[in-house]
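One structure is given here, and the rest of the page talks about it.
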Amino acid sequence: MAAAPSPPITPISPPKSNTNTSSINPTNPSHLLSLLPKCTSLRELKQIQAITIKSHLQNDIPVLTKLINFCTLKPSAASMDHAHHMFDQIPQSDIVLFNTMARGYARTDTPLRAITLFTQILHSGLLPDGYTFPSLLKACASSKALEEGKQLHCLAIKLGLNHNIYVCPTLINMYTECNDMDSARRVFDKISEPCVVTYNAIITGYARSSRPNVALSLFREMQASNVKPTYVTMLSVLSSCALFGALDLGKWIHEYVKKYGFDQQVKVNTALIDMYAKCGSLDDAVSVFENMVARDTQAWSAMIVAYAIHGHGYKAITLFEEMRRARVRPDEITFLGLLYACSHTGLVEEGCGYFYSMKEKYGIIPGIKHYGCMVDLLGRAGRLDVAFKFIEGLPIKPTPILWRTLLSACSSHGNVDMGMRVIERIFKLDDSHGGDYVIFSNMCARAGRWEHVNYVRKLMNERGAAKVPGCSSVEVNNVVHEFFSGGGTHSESRELHRALDELVKELKLVGYVPDTSLVFHADMEDEEKEATLRYHSEKLAIAYGLLNTPPGTTIRVVKNLRVCGDCHSAAKLISLIFDRQIILRDIQRFHHFTDGKCSCGDYW
DNA sequence: TCCAAGGGTA
């Protein structure tokens with residue numbers, strides 16, 4: 001065989017580097033270290049490291065700490081591997097060096113390695129200090145390692161570091177991330193004068209654990225004790241308002257934001273867009289967005305999501321195209337909003353197009369939530385078979401949520417046979433979710449398949465699967481009133497029930513027919529079913545709003561589940577005969593009821 | 001030489 005011609009030798013130009021090593025005295029550690037701030041890649045770092053070895057400085061702890069610190073600033077798997085390698089080489093570490101390593105691990109997707117490292121450190125007799133705990137607690141928070149977190153808490157108490165101003169917020173954050181709000185609160189309550197960061201941590205915790213009222217009262221407490229809020233505080237408080245659907249409160253925070261100059265922050269404006277959108281005021285969201293001087297990916301995404309949840313699919317798409325023209329790079333959340341918009345407007349072709357382009361054009365790998373959007377998009381549009389095959393063909397294991405999305409679609413298209421295939425898949429993965437039994441049973445009831453209804457109900461009782469109770473709230477005079485289905489708990493419930501009875505009579509005059517097929521219990525009399533339906537939480541909340549606000553006022557209701565079909569038709573009629581706008585936010589989206597019509601066009 | 005809280009998600 002003839003020898004392959006040797007490749008022409010072309011001089012390889014050295015990689016462009018910001019670090020000019022020629023004028024440096026390699027035996028002087030401080031000279032070497034002065035190179036690091038200009039260093040931009042792992043490759044350049046390795047060049048500097050080579051000089052340290054030549055100069056016998058590889059065991060010099062301050063030099064090594066700097067080198068390792070560089071690797072841990074924006075850590076990747078490769079840079080952390082390299083850092084670990086350097087760390088392993090030295091005979092004796094000190095606590096600063098360890099802290100630096102731990103911080104790196106806490107910031108990567110292998111946070112528990114920080115904890116493992118920590119155990120080694122304890123054995124070698126090093127004493128943790130105030131710098132040690134924040135990284136380790138952060139690692140516990142992101143891995144939801146509550147037990148390890150508690151042990152660290154005990155150790156911090158032993159060392160008298162639990163009240164350290166850096167340790168305290170991370171302790172609170174660790175507990176909130178591990179869903180242990182009681183412990184978080186206990187830590188907070190022991191602080192005599194919490195600083196703003198500690199307040200932010202606890203407020204965020206309550207906002208995330210769906211207790212926005214507690215979050216907001218802590219914000220007031222913070223102001224009363226003269227702790228000056230920062231823009232991070234604004235973010236937490238705004239997300240509380242968004243969660244609560246408390247528009248008036250949100251508007252008050254907006255005024256506050258303007259008064260104290262927080263409205264220059266892109267993140268704060270993004271949180272405002274989100275708050276207005278989730279509190280049902282799309283116009284205010286648009287106005288915040290349009291007044292922004294600079295918009296990043298998150299700001300565009302928030303506005304796209306805002307259009308999506310209000311059912312303006314085309315506007316969401318137009319905005320996305322505008323975002324592309326502005327050369328702002330979309331991320332995975334931008335696509336979630338976009339797909340969501342398509343599915344809620346029935347834009348199947350467009351949605352599929354964007355789904356494929358996210359991978360091919362933008363290199364964004366779809367996650368489980370994008371798949372969820374696709375199932376919803378196909379399912380809503382009635383392409384149940386395609387959706388089924390889509391789930392089966394996924395490269396990852398489908399979650400019950402994915403199948404559940406398809407089950408809802410089967411229900412709205414009344415396809416019991418497909419529904420049965422789907423619920424079998426769900427039960428294989430999780431049979432404890434009461435909502436699945438309810439959707440399936442309602443679907444069978446509507447199709448008159450009573451044998452299924454009874455069977456499913458029996459199954460549900462046997463397995464003790466609980467359904468989340470329906471809960472709706474309405475804001476009247478700055479107070480949020482909550483109503484549960486059946487509605488025995490609200491202080492004015494008796495009058496409210498009477499008012500609802502009258503209301504239903506009036507609705508019937510204009511053609512309302514209660515859809516009793518939606519009621520789960522098969523062995524109830526029709527009258528009884530009607531009563532169950534009448535006191536659904538969303539009807540109670542709407543009636544309460546109707547009775548307690550002046551004519552013409554918009555009624556804003558927030559529901560924890562999807563709105564029921566009967567309440568949806570009732571709300572349309574109420575908007576017509578009382579000439580009221582009703583804005584109902586359910587777990588999925590917004591419904592704007594005006595003049596007997598809903599903004600969702602009954603496509604939901 | 002190392003440290004805290006964080007907006008947009010079906």
Side-chain angles (χ1 to χ4, degrees), chain A residues 29-30 33 36 60-70 72-73 94-104 106 128-138 141 161 164-174 176 194-205 207-208 229-239 242 265-275 277-278 285 295-306 308-309 330-337 339-340 343-344 367-377 399 401-402 404-405 408 587-589:
Chain A
S30 63
L33 295 181
L36 272 165
D60 185 291
I61 291 193
V63 170
L64 254 166
T65 308
K66 270 288 190 186
L67 290 175
I68 290 180
N69 184 40
F70 174 84
T72 59
L73 283 178
D94 70 355
I95 193 67
V96 178
L97 189 47
F98 164 72
N99 289 344
T100 311
M101 273 306 289
R103 187 198 53 184
D129 62 11
Y131 290 83
T132 315
F133 289 96
S135 305
L136 293 172
L137 289 166
K138 197 176 196 164
L161 290 166
N164 174 299
I165 55 158
Y166 292 107
V167 176
C168 185
T170 32
L171 263 175
I172 293 175
N173 189 45
M174 181 276 293
T176 64
C195 69
V196 60
V197 181
T198 304
Y199 265 112
N200 291 347
I202 191 88
I203 290 175
T204 305
R208 271 200 291 234
T230 63
Y231 84 96
V232 178
T233 320
M234 298 297 111
L235 300 182
S236 302
V237 173
L238 283 170
S239 78
Q265 296 267 3
V266 179
K267 290 180 180 195
V268 173
N269 282 306
T270 308
L272 278 166
I273 294 171
D274 178 55
M275 180 279 291
K278 289 194 178 142
R295 304 181 186 114
D296 59 6
T297 302
Q298 280 91 337
W300 286 94
S301 304
M303 196 59 230
I304 289 172
V305 170
I309 60 176
D331 67 3
E332 62 276 10
I333 294 172
T334 320
F335 278 101
L336 268 180
L339 293 176
Y340 194 65
S343 87
H344 283 266
I368 189 80
K369 290 172 184 171
H370 298 98
Y371 294 136
C373 280
M374 287 306 288
V375 173
D376 196 48
L377 176 79
T399 58
I401 302 172
L402 228 46
R404 204 163 279 146
T405 307
S408 299
I587 196 163
Q588 292 252 338
R589 57 167 296 152

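So that the names make sense, note that chain A is the first sequence line, chain B the second, and so on, each numbered from 1. FYI, side chains are in, hydrogens and waters are out, and symmetry mates aren't considered; it's all heavy atoms of this structure.
dC3(B) atom C1' lies 15 Å from atom CG of L97(A), rounded to whole Å. One atom, CG of L171(A), and another, P of dA4(B), lie 13 Å apart when rounded to the nearest Å. Atom pair L235(A):CG and dG7(B):P shows a separation of 6 Å (rounding to whole Å applied). In this structure, CE of M101(A) is placed 17 Å from C1' of dC3(B), rounded to the nearest angstrom. I95(A) places its CD1 atom 15 Å from the P atom of dC2(B), with the value rounded to the nearest Å. One atom, CG of D94(A), and another, P of dC3(B), lie 14 Å apart when rounded to the nearest Å. Counting to the nearest Å, the C1' atom of dA10(B) and the CG atom of L402(A) are 9 Å from each other. Taking atom CD1 on I165(A) and atom P on dC3(B), their separation rounds to 13 Å, with Å as the unit.
Checking the phosphate oxygens (OP1, OP2) of dT1(B), no side-chain nitrogen or oxygen of N69(A) falls inside 4.0 Å. Distances shorter than 4.0 Å separate none of the side-chain N or O atoms of K138(A) from OP1 or OP2 on dC3(B). Proximity of R103(A) to the phosphate of dC2(B): no side-chain N or O atom is located under 4.0 Å from OP1 or OP2.
Under a 3.5 Å cut-off, the side chain of D274(A) and the backbone N or O of T270(A) do not form any donor-acceptor pair.
If you check dC2(B), dG8(B), dA5(B) against the side chain of T100(A), the one that comes closest is dC2(B). Side-chain proximity of V96(A) to dT1(B), dA10(B), dG8(B): nearest is dT1(B). Considering only side-chain atoms of Q298(A), the nucleotide from dG7(B), dC2(B), dA4(B) that sits closest is dG7(B). Of the candidate nucleotides dG8(B), dG7(B), dC2(B), dG7(B) has the atom lying nearest to any side-chain atom of D296(A). For T204(A), counting side-chain heavy atoms from C-beta on, the closest listed nucleotide (dT1(B), dA5(B), dG8(B)) is dA5(B). You'll find that the side chain of N99(A) is closest to dC2(B), out of dA4(B), dC2(B), dG8(B).
Heavy atoms of I333(A) sit under 4.0 angstrom from at least one base atom. Among the protein residues, R208(A) comes within range of the sugar-phosphate backbone only, with heavy atoms under 4.0 Å from sugar or phosphate atoms but none that close to a base. Among the protein residues, T65(A) comes within range of the nucleic acid bases, having at least one heavy atom under 4.0 Å from a base atom.
R103(A) and N69(A) form a side-chain donor-acceptor contact under 3.5 Å, judged by distance and modelled atom types alone.
With sequence neighbours left out, R404(A) forms a salt bridge (charged side-chain N to carboxylate O under 4.0 Å, His left out) with D430(A), D436(A). By the side-chain hydrogen bond (donor to acceptor under 3.5 Å, both in side chains) test, K138(A) is found to be paired with no residue, residues two or more places apart in sequence or in another chain being considered. Residues satisfying the side-chain hydrogen bond (donor to acceptor under 3.5 Å, both in side chains) test with D331(A), not counting sequence neighbours, are T334(A). For the side chain to side chain contact (heavy atoms under 4.5 Å, CB included) test, residues two or more places apart in sequence or in another chain that qualify with Y199(A) are F188(A), P194(A), L218(A), E221(A), M222(A), S225(A), V227(A). Partners of T65(A) under the side chain to side chain contact (heavy atoms under 4.5 Å, CB included) rule, at least two apart in sequence or in another chain, are I61(A), V96(A), L97(A), T100(A).
Residues from residues 128-137 of chain A lying near DNA chain B, meaning a heavy-atom separation below 4.0 Å, are G130(A), Y131(A), P134(A) in numerical order.
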> Taking it one step at a time, do T132(A) and D129(A) satisfy side-chain hydrogen bond (donor to acceptor under 3.5 Å, both in side chains)?
Replying inline: CA-CA 5 Å; T132(A) 315; D129(A) 62 11; 2.9 Å; yes

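At a cut-off of 3.5 angstrom, the base of dG8(B) holds at least one donor-acceptor pair with the side chain of D331(A).
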